[in-house]
Amino acid sequence: MQQLEQSKPHSNGSLIPSLSPDRRRQPVRCMVICRLHFRLFPNWKGWIFPKNFPWNQARYPSFLAAANSVDFESYGFENEYKGIDYNFLFHSCTKLHLAKQLHALLVVSGKAQSIFLSARLVNLYAYLGDVSFSRRAFNQIPTKDVYTWNSMVSAYVRARRFSEAVDCYYQFLAFSGLQPDFYTFPPMLKACGNLVDGQKIHCWVVKMGFEWDVFVAASLVHMYSRFGSVDVARKLFNDMPFRDMGSWNAMISGFCQNGNAAEALDVLNDMKLEGLRMDPITVSSLLPVCVQSDDVISGMLIHLYVIKHGLESDLFVSNALINLFSKFGSLGNAERVFDEMKVRDLVSWNSIIAAYEQNSYPVTALGFFKKMQLIGVQPDLLTAVSLASIVGQLSDRKISKSVHGFIMRRGWFQEDVVIGNALVDMYAKLGAIDHAHTVFKKLPIKDVISWNTLITGYAQNGLASEAIDVYRMMQECNEIIPNQGTWVSLLPAYSHVGALQQGMKIHGRVIKNSLYLDVFVGTCLIDMYGKCGRLDDAMSLFHQVPRKSSVPWNTIISCHGIHGQGENSLKLFKDMVDEGVKPDNVTFVSLLSACSHSGLVDEGQWYFHVMQEDYGIKPGLKHYGCVVDLLGRAGYLEKASNFIRNMPVRPDASIWGALLGACRIHGKLDLGSFASDQLLEVDPENVGYYVLMSNIYANVGKWEAVHKVRALARERGLQKTPGWSSIVKGSQVEVFYTGNQTHPKHEEIYKELIILTAKIKSLGYIPEYSFVLQDVEEDEKEHILTSHSERLAIAFGIISTPPRSPIRIFKNLRVCGDCHNATKFISKITEREIVVRDSNRFHHFKDGVCSCGDYW
DNA sequence: ATAGGGTTAG
């Protein structure tokens, strides 16, 4: 402006050459407003707005009215106008509402149409983070020059709204009749989303001869390295006539964003050879790569470098460090960096909140959120994502509603899928799976992750078949390509219902895209094969997947456990230690439960000590539960109850449940009723415990007590889970409910059962009536036993599959003792292998014996 | 007055 004023003094002495004479009178209004301000704020000296000018106290409507009523002519406005320092005005606007007031000022004074000032408004709004206002200001400009267009394009780029930036660029080319200059291209190169578009822009750049401008060249190099064109990037970089830190950083950060750590380090090395040192920008590009590639050592080295060169004061570096420490789980360091920051922005707050949230400290995370609000930092979408996850972890339904409302009010739900997915996840974690489904249905766009989240939600709430239904719906809508996450959420559901065929289909599918070598998918497949009775397949798959982490080991140990092969579990654990894989707390849950399934009492107790002494793992409730189960099942009930008494943590329902289960097996009435008393306090809603207790009473014929327990359950509105068994025939799953006679083949099944019972009785089978939990006559008792769902399913298997072929049964509850005994005999006379998977473990019946050795 | 290279996500 200075130049313009000097070069083109207007004929009438005015310094605003581009405005019409009529417009020239407008500055007066501005002055009048300044005067009015002066009246309100007498300490204010002069026309220049001071830095701490109380803009927010200025009420524009009233000022406008006042300004319009003033006789402009009475002011010597031409002279006064000279005194206004617009630069200072623009620089003083550090908050959005100030910018809006300046905008109003400019409109009032007719300056909003000035080609200089209006474009500055576009930039100001962009700088303050409100592109929509930039656009509005932009639209109000009647004649636009290159600078105007450049400002608008870069405003979009700054806001990361790349597609709108590109659109704006093409509007510029099509309608403005102007040529882009070398300010236009760097933002465009940042905005382009793929290599082809980038190359197109490169062509333009060459055509216009801007190729070797430092900024343009750096942008080109960055674009190529970002899209992985290593050679082109390197060639351009080598041909550059002049290189500064920006050029090096462009190259390095491009490779970093591409995830190409090796190339990035290579360039970094070259840079060091030229005697250049990393600056804050280099550091903050490199740190995320350390996080991605799990490279703790490089991360720490960079941290040392940062300390040594005093780069910690840089906002971006500090933020990146918080994320680094958070991902490596060292929250103390993360918080230290956060504390020492002199300036914190939204990213800092989001990072520290996410750090605590992702390391499962929801309470601390929430504390930081509250502190942030107290200071007055406005949360954004990413804050809300963390917040939703925090609420999910806290399982606090009350807060969940307010978080949901908070997100809806700000319109973020419509704006981004991520936030919607976070809400679905939140409700699923709270166990409110219906809410999760409702939110899912309302999502404006559904991506893979939306579907994955819902599938996981159903699966983790124990609704496996619903999870599978969701997957089916996902396939039907055809637009979504399943990914690794889909398999990881779906396969556990298949494991749960024992859907081996479908699971194998997925296995085939993941082999095609090599995902079966992925640790997580591989582990889910191992688990699926193990839980579907294919222990050998699970084992051979285990030998193929990478075994550096504990995850696949934990799974294969647990698989052997549920198959009653505790010795193999112990052996696998030794292998794991020999291969240098560090066991974690999950490993010991698998190992201890394997010991308990196989009656390895001494070994189990030994490893419970090893876990604490050698590996320094503090036992959790799950470990204590395993030990109680281990001792109780083996009949050491006194020892088990002493163990509970000496526990340093308060026993929860699972602990007492394990004790009660053991009492059921060994018929311990007194201890059982003690355990159930505890349970009715801790978890009165769980039917299972009422059933167990009534079973104990029924077993010893205390029918009165049985009725009492049942009445209590009824009073509390609880219903016994109906027992069912299923068998897979072809692709069809046949389900049988205990005592249900509605199956189309019921007549045949029942006939077969009568014959079978007669045959096995001749082999020495004696019905064990203590498993009949009703007070009825003897012959009725036999009928009840033979109509147990597992027996219906076995009989169905015998009549509908070829002789001597194996039969696989799935039962939702634990298999009954009499059925277990009968199945042994059935396997002998039919010469079939019968595999029963119940809610607890596998039973392999062959030749009249069971793999569990009657211990379960 | 406008331009390059940097941090946070389900």
Side-chain angles (χ1 to χ4, degrees), chain A residues 1-4 86-87 90-91 114-124 126-127 145-155 157-158 180-190 210 213-223 225-226 244-254 256-257 279-288 291 311 314-324 326-327 345-355 357-358 380-386 388-389 392 416-426 443 447-450 452-453 456 485:
Chain A
M1 202 159 109
Q2 209 60 44
Q3 271 179 350
L4 267 167
Y86 280 103
N87 268 332
F90 275 98
H91 282 301
S114 145
I115 201 156
F116 306 110
L117 296 179
S118 53
R120 286 203 69 172
L121 267 177
V122 173
N123 292 323
L124 181 63
Y127 175 73
D145 64 355
V146 195
Y147 166 58
T148 327
W149 283 100
N150 285 344
S151 302
M152 196 58 233
V153 171
S154 65
V157 173
R158 192 192 284 271
D181 63 4
F182 53 40
Y183 288 104
T184 320
F185 293 108
M188 282 314 298
L189 285 164
K190 197 175 178 179
F210 299 142
D213 174 79
V214 214
F215 286 9
V216 175
S219 300
L220 280 170
V221 165
H222 181 72
M223 186 273 292
S225 58
R226 185 157 59 100
D244 61 1
M245 273 311 287
S247 331
W248 287 98
N249 285 335
M251 186 92 162
I252 292 170
S253 79
C256 289
Q257 284 166 21
D279 70 354
I281 294 184
T282 329
V283 169
S284 44
S285 332
L286 285 170
L287 283 174
V291 174
L311 305 182
D314 187 276
L315 184 64
F316 283 65
V317 170
S318 297
N319 291 345
L321 277 174
I322 294 174
N323 288 308
L324 178 94
S326 148
K327 290 283 151 56
D345 68 349
L346 185 56
V347 178
S348 325
W349 285 101
N350 284 348
S351 300
I352 194 77
I353 291 171
E357 173 250 306
Q358 285 175 359
D380 73 345
L381 207 134
L382 292 175
T383 327
V385 170
S386 293
S389 169
D416 201 327
V417 223
V418 179
I419 193 77
N421 294 344
L423 278 179
V424 173
D425 189 50
M426 177 184 82
L443 287 175
D447 65 358
V448 212
I449 295 175
S450 322
N452 294 352
T453 311
T456 314

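This is a predicted model, so every value here is computed, not measured. Proteins come first, then strands; the chains are lettered A, B, ... in the order of their sequence lines, and each starts at number 1.
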Asker: Provide, to the nearest angstrom, the distance between the CD1 atom belonging to A:Ile322 and the P atom belonging to B:dA9.
Answerer: 13 Å
Asker: Within this structure, what is the CH2-to-P distance between A:Trp149 and B:dA3, rounded to whole angstrom?
Answerer: 18 Å
Asker: Any idea which of B:dG4, B:dG5, B:dA9 is nearest the A:Ala250 side chain?
Answerer: B:dG5
Asker: From the list B:dA1, B:dA9, B:dT7, which nucleotide is the closest neighbour of the side chain of A:Leu382?
Answerer: B:dA9
Asker: With the criterion set at under 5.5 Å between ring centres and under 30 degrees between planes, would B:dA3 be stacked on A:Tyr183?
Answerer: no
Asker: Taking the side chain of A:Val418 as its heavy atoms from C-beta onward, which of B:dA9, B:dA1, B:dT7 lies nearest to it?
Answerer: B:dA9
Asker: Which nucleotide sits closest to the side chain of A:Asn319: B:dT7, B:dA9, B:dG6?
Answerer: B:dT7
Asker: At what distance, to the nearest 0.5 angstrom, does CE of A:Met251 lie from CH2 of A:Trp248?
Answerer: 8.0 Å
Asker: Taking only the side-chain nitrogens and oxygens of A:Ser253, find out if one of them lies under 4.0 Å from OP1 or OP2 of B:dG6.
Answerer: yes
Asker: Looking for any heavy atom pair under 4.0 Å, which part of the strands does A:Gln358 touch: base, sugar-phosphate only, or nothing?
Answerer: sugar-phosphate
Asker: Ignoring the backbone of A:Asp181, work out which of B:dT2, B:dG4, B:dA1 is nearest its side chain.
Answerer: B:dT2
Asker: So A:Met251, base contact, sugar-phosphate only, or nothing? Heavy-atom distance under 4.0 Å.
Answerer: nothing
Asker: At less than 4.0 Å, is any side-chain N or O atom of A:Lys327 found next to OP1 or OP2 of B:dT8? Yes or no.
Answerer: no
Asker: Round to a whole Å and report the spacing from CG of A:Asp244 to C1' of B:dG5.
Answerer: 9 Å
Asker: Kindly write out the residues that satisfy side chain to side chain donor-acceptor pair (under 3.5 Å) with A:Thr184, not counting sequence neighbours, or none if the list is empty.
Answerer: A:Asn150, A:Asp181
Asker: Among B:dT7, B:dG6, B:dA9, find the nucleotide with the atom closest to the side chain of A:Leu381.
Answerer: B:dA9
Asker: Rounded to the nearest Å, what distance is computed from the CH2 atom of residue A:Trp349 to the P atom of nucleotide B:dA9?
Answerer: 18 Å
Asker: Just call it for A:Val385: base, sugar-phosphate, or nothing, with non-hydrogen atoms closer than 4.0 Å on any strand.
Answerer: sugar-phosphate
Asker: Regarding A:Thr453, tell me which of base, sugar-phosphate or nothing describes its non-hydrogen contacts under 4.0 Å with the strands shown.
Answerer: nothing
Asker: In this structure, how many angstroms lie between the P atom of B:dA9 and the CG atom of A:Asn452, rounded?
Answerer: 18 Å
Asker: When you get a sec, tell me which of B:dG6, B:dG5, B:dA1 is the closest nucleotide to the side chain of A:Asp279?
Answerer: B:dG5
Asker: Can you measure A:Asp380 atom CG to B:dT8 atom C1' for me and round it to whole angstrom units?
Answerer: 8 Å
Asker: Measuring from the side chain of A:Phe182 (C-beta onward, heavy atoms only), which nucleotide among B:dG5, B:dT7, B:dA3 has the closest atom?
Answerer: B:dA3
Asker: Counting only side-chain N and O atoms of A:Arg158, is one of them less than 4.0 Å from OP1 or OP2 of B:dT2?
Answerer: no
Asker: Is A:Leu346 close to A:Thr383 at the side-chain level, that is, under 4.5 Å between some pair of heavy atoms?
Answerer: yes
Asker: Among B:dG4, B:dT7, B:dG6, which nucleotide sits nearest the side chain of A:Val317?
Answerer: B:dG6
Asker: Rounded off to whole Å, could you give me the NZ-to-C1' distance for the A:Lys190 and B:dG6 pair?
Answerer: 9 Å
Asker: From the list B:dG5, B:dA9, B:dT8, which nucleotide is the closest neighbour of the side chain of A:His222?
Answerer: B:dG5
Asker: So, using side chain to side chain donor-acceptor pair (under 3.5 Å) as the criterion, who are the partners of A:Ser247 when residues are at least two apart?
Answerer: A:Asp244
Asker: Going by centres under 5.5 angstrom and planes under 30 degrees, do the aromatic ring of A:Phe215 and the base ring of B:dA3 stack?
Answerer: no
Asker: Applying side chain to side chain contact (heavy atoms under 4.5 Å, CB included), run through A:Ser450 and A:Val417 and close with a yes or a no.
Answerer: CA-CA 8 Å; A:Ser450 322; A:Val417 223; 3.9 Å; yes
Asker: What's the CG-P distance between A:Asn323 and B:dG6, to the nearest Å?
Answerer: 16 Å
Asker: Can a donor-acceptor pair under 3.5 Å be found between the side-chain atoms of A:Ser284 and the base atoms of B:dG6?
Answerer: yes
Asker: What's A:Ser247 touching, base or sugar-phosphate or nothing? Going by heavy atoms closer than 4.0 Å.
Answerer: base
Asker: Taking atom types as they are modelled, is there a donor-acceptor pair under 3.5 Å from the base of B:dG4 to the side chain of A:Asp213?
Answerer: no
Asker: Is A:Asp213 reaching over with its side chain to a backbone N or O of A:Val216, donor-acceptor style, under 3.5 angstrom?
Answerer: yes
Asker: Any side-chain heavy atom of A:Lys327 within less than 4.5 Å of one from A:Gln358?
Answerer: yes
